[in-house]
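By convention here, the first residue in the shown sequence is residue 1.
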Amino acid sequence: MPHRRFRPMATRFLLRTLALAGLAGLSIGCAEPADAVDGREVVFDSQSYFVVTVDTRREDIELFWRNPDTSEPFATIESLKAWTASKGRTLAFATNAGIYDRDFRPLGLYVEDGKAIVPLNLAHGNPRSGNFSLLPNGVFAVYDDGTAEVRSTDAFRASARKPRWATQSGPMLVVDGEVNTQFDNGSDSMKWRSGVCAKTAHDVVFVVSRAPVNFHAFARLFRDNLGCRDALFLDGTISQAWTPGDGYAGAPAFMTKPYAGMVAVFPKRR
């Protein structure tokens, strides 16, 4: 009868459709998550850098120092990864958030979830005592409305805006489109370096060098290649960045030390 004759054909069609759907689902499962940050390699003046761009409309930028469950510092990106995973959060990017003192406390302003744990540091120290004193230093801040900015410490203070998340570090790499005048193009101070800029209110760029570079070269990368008008140095020598797809970039593991604050990026919750 007619309906018996067409049943095998219909069955084959159904099985083939299901098989194709399964393959499509497998491909989607293997693809990079839609919420993954944009991590890429950049070569500038024969130096290699790992650059991560975060869109604060799609991702949340937060800062972490101490584990809320134990009050002990997270200290490493691995510890932060394990803790965030235990809370059901997907970490999309992490890096150390700035310079800290001998007691492993952030050296300048440090704000977590609207609470200023360390106040703004306005001391003008001797540049020979550390990079933080190589002026101007600055602040990377994220606000309640999701916007972000990098500003010199004086400009940040004058604005009187209250950040949701913030870290103070130094020196500023680029100020109002100009390389910090304290930097020497021929400097032999070569270190792994990390930094940040906010190209727009929603587009934040984090960078870690793949090899040691001097301040001038690092600042020119932000200005001339990445198009940043204001950029902030986060730390050197021990700096690393991590993403799920690329793993670790930056300083070799044997050179890293326990961190104080760390930047963490998560896909926005839907």
Within the side chain of Asn137, is there an N or O that forms a donor-acceptor pair under 3.5 Å with the backbone of Phe132?
yes
Taking the six-membered ring where the residue is Trp, are the ring centres of Trp242 and Phe93 under 6.0 Å apart?
no
Asp235 and Ser194: CA distance, side-chain angles, deciding distance, side-chain hydrogen bond (donor to acceptor under 3.5 Å, both in side chains) verdict:
CA-CA 6 Å; Asp235 208 348; Ser194 64; over 6 Å; no
Keeping the roles fixed (side chain from Asp101, backbone from Arg105), state whether a donor-acceptor pair exists under 3.5 Å.
yes
Exceeds 12 heavy-atom contacts within 6.0 angstrom, atom NZ of Lys115
no
Note, Ile99 side chain near Ser169 side chain (heavy atom, < 4.5 Å)
yes
Would you please test Val174 and Arg229 for side chain to side chain contact (heavy atoms under 4.5 Å, CB included) and show each step?
CA-CA 6 Å; Val174 182; Arg229 286 193 57 80; 5.7 Å; no
Between the CZ atom in Phe266 and the CD1 atom in Ile61, the distance rounded to the nearest 0.5 Å is 11.5 Å
Test item: His202 and Arg57 side chains (from C-beta on) under 4.5 Å apart, heavy atoms
yes
Quick one, Phe74 with Trp83, criterion ring-ring contact (aromatic ring centres under 6.0 Å, His included). Give me CA distance, side-chain angles, the key distance, then yes/no.
CA-CA 9 Å; Phe74 282 106; Trp83 184 82; 5.4 Å; yes
Smallest separation among heavy atoms of Leu109 and Ala116, with atom names:
CD1-CB, 4.5 Å
State whether the side chain of Asp203 and the backbone N or O of Asp55 hold a donor-acceptor pair below 3.5 Å, judged by distance alone.
no
Can you find a pair of side-chain heavy atoms, one from Val118 and one from Trp65, that are under 4.5 Å apart?
yes
Atom CZ of residue position Arg157 - does it have more than 12 heavy atoms of other residues, nucleotides or ligands inside 6.0 Å?
no
When you check the side-chain N and O atoms of Gln168 and Thr153, is any donor under 3.5 Å from an acceptor?
yes
Main-chain N/O of Ile238 paired with Tyr259 side-chain donor or acceptor, under 3.5 Å:
yes
If you measure from the Lys or Arg side-chain nitrogens to the Asp or Glu carboxylate oxygens, is any gap between Arg164 and Asp113 under 4.0 Å?
yes
Side-chain heavy atoms of Trp192 within contact of Arg210, under 4.5 Å:
no
So Lys87 and Asp69, side chain to side chain contact (heavy atoms under 4.5 Å, CB included) or not? Walk me through it.
CA-CA 11 Å; Lys87 304 300 181 183; Asp69 299 333; 3.2 Å; yes
Between OG on residue Ser189 and CZ on residue Phe183, distance to nearest 0.5 Å
10.5 Å
Does the distance from a Lys or Arg side-chain N to an Asp or Glu carboxylate O, for Asp176 and Arg223, drop under 4.0 Å?
no
I'd like to know if the side chain of Lys199 and the backbone of Leu226 have a donor-acceptor N/O pair within less than 3.5 Å.
yes
Please determine whether side chain to side chain contact (heavy atoms under 4.5 Å, CB included) holds for the pair Tyr248 and Glu78, giving the CA-CA distance in whole Å, both sets of side-chain angles, and the decisive distance to 0.1 Å.
CA-CA 11 Å; Tyr248 283 93; Glu78 287 299 313; 2.6 Å; yes
Less than 6.0 angstrom separating the ring centers of Tyr49 and Phe44, yes or no?
no
Taking a hydrophobic cluster as the set of Ile, Leu, Val, Met, Phe, Trp and Tyr residues connected by side-chain heavy atoms closer than 4.5 Å, whether directly or through intermediates, do Val111 and Phe156 fall within one such cluster?
yes
Please confirm whether the backbone N or O of Ala264 pairs with a side-chain atom of Glu62, one donor and one acceptor, at under 3.5 Å?
no
Looking at Val175, Val150, Val139, which one forms a side-chain contact (heavy atoms from CB on, under 4.5 Å) with Leu232?
Val150
So, Ser187 versus Asp184: side-chain donor-acceptor pair below 3.5 Å or not?
no
If you measure from CZ on Arg193 to CG on Leu234, what distance do you get to the nearest 0.5 Å?
12.0 Å
What are the two closest heavy atoms between Phe215 and Pro171, and how far apart are they?
CZ-CD, 3.7 Å
If you measure from SG on Cys197 to CZ on Phe140, what distance do you get to the nearest 0.5 Å?
9.5 Å
Under 4.5 Å between any side-chain heavy atoms of Val213 and Phe218, yes or no?
yes
Which of these, Thr243, Val37, Leu91, Asp60, sits in a side-chain contact (heavy atoms from CB on, under 4.5 Å) with Val265?
Val37
With distance as the sole test, does Glu112 use its side chain to make a donor-acceptor pair with the main-chain N or O of Trp165 at under 3.5 Å?
no
Apply side chain to side chain contact (heavy atoms under 4.5 Å, CB included) to residues Gln182 and Leu135 and explain how you reach the verdict.
CA-CA 8 Å; Gln182 302 286 337; Leu135 301 178; 5.6 Å; no
Do Thr56 and Val204 make a side-chain contact, defined as non-hydrogen atoms from C-beta onward lying under 4.5 Å apart?
yes
So CE of Met172 and CZ of Phe233: to nearest 0.5 Å the spacing works out to 13.5 Å
Would Asp45 and Arg220 count as a salt bridge (charged side-chain N to carboxylate O under 4.0 Å, His left out) if you check the C-alpha gap in whole Å, the side-chain angles of each, and the deciding distance to 0.1 Å?
CA-CA 9 Å; Asp45 278 359; Arg220 285 188 290 104; 2.5 Å; yes
Return yes if some donor-acceptor pair links the side-chain N/O of Arg89 with the main-chain N/O of Thr84 below 3.5 Å, else return no.
no
Can Asn96 and Ser239 be counted as having a side-chain donor-acceptor contact under 3.5 angstrom?
yes
State, yes or no, whether a side-chain contact exists between Val179 and Phe222 at a heavy-atom distance under 4.5 Å.
no
Going from CZ on Arg161 to CG on Asp144, what distance comes out if it is rounded to the nearest 0.5 angstrom?
9.5 Å
Heavy-atom closest contact (Pro136 atom, Asn180 atom, distance):
CD-ND2, 3.7 Å
Is there a continuous path of hydrophobic side-chain contacts, each under 4.5 Å between heavy atoms, that joins Leu122 to Tyr110?
no
Does a donor on one side chain sit under 3.5 Å from an acceptor on the other, for Asp154 and Ser152?
no
Correct closest heavy-atom pair for Ala92 and Pro244 would be O-CD, 3.3 Å
State, yes or no, whether a side-chain contact exists between Val207 and Val196 at a heavy-atom distance under 4.5 Å.
no
Quick check: closest heavy atoms across Lys191 and Ser209, and the distance to 0.1 Å?
O-OG, 4.1 Å
Classify the side-chain pair Thr53/Arg40 by whether it contains a donor and acceptor separated by less than 3.5 Å.
yes
Heavy-atom closest pair, residues Pro212 and Gln47
O-OE1, 4.1 Å
